[in-house]
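Please read the structure below before turning to the comments.
Throughout, residue positions are numbered sequentially from 1 according to the sequence presented.
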Amino acid sequence: STHLSVPFFARCALLYSPLPSAYTKREVMDRYEQHTKHCKACSGALRNTKILQVAALVACVVGACLRNLPLALTSLAAAFYAEKWKQRFIFVDHIHAHQD
């Protein structure tokens, strides 16, 4: 038997060796790998959010070139919020102290 061919101290070392390195918080809370890339609805929503973000940035540049400050600022705000929304599909940090 293979079990008997391994010296006793080696068997003990295998039994009491430390556990493999734990996952990092980022790996555990990685929403993209855990859900988004497998879910048709969420991956589509992420794609649309990225498209919205690019369109908002283009509109911001156009507004700046045309010296249309309301268009530029509104588009910049839309791009900012699209980035925040996009992060919901990728990673959301969970801090217990901030939960009600």
Separation of Y32 OH from K86 NZ (nearest 0.5 Å): 12.0 Å
Backbone N/O of K40 and side chain of S43: donor-acceptor pair under 3.5 Å: yes
Closest non-hydrogen atom pair between A79 and Q53, with its separation: O-NE2, 3.6 Å
Residue pair S75 / L71: nearest heavy atoms and the distance that separates them: OG-O, 2.7 Å
Spacing of E83 atom CD and T49 atom OG1 [to the nearest 0.5 Å]: 10.0 Å
NZ-CG distance between K50 and N48, expressed to the nearest 0.5 angstrom: 11.0 Å
Same apolar cluster: L46 and W85, side chain cutoff 4.5 Å: yes
Those residues that, when tested against E33, pass side-chain contact (heavy atoms from CB on, under 4.5 Å) (two or more places apart): D30, K37
Backbone N/O of R88 and side chain of R31: donor-acceptor pair under 3.5 Å: yes
Smallest separation among heavy atoms of F89 and A45, with atom names: CZ-CB, 3.6 Å
Hydrophobic cluster identity match, L66 and V58, side-chain contacts under 4.5 Å: yes
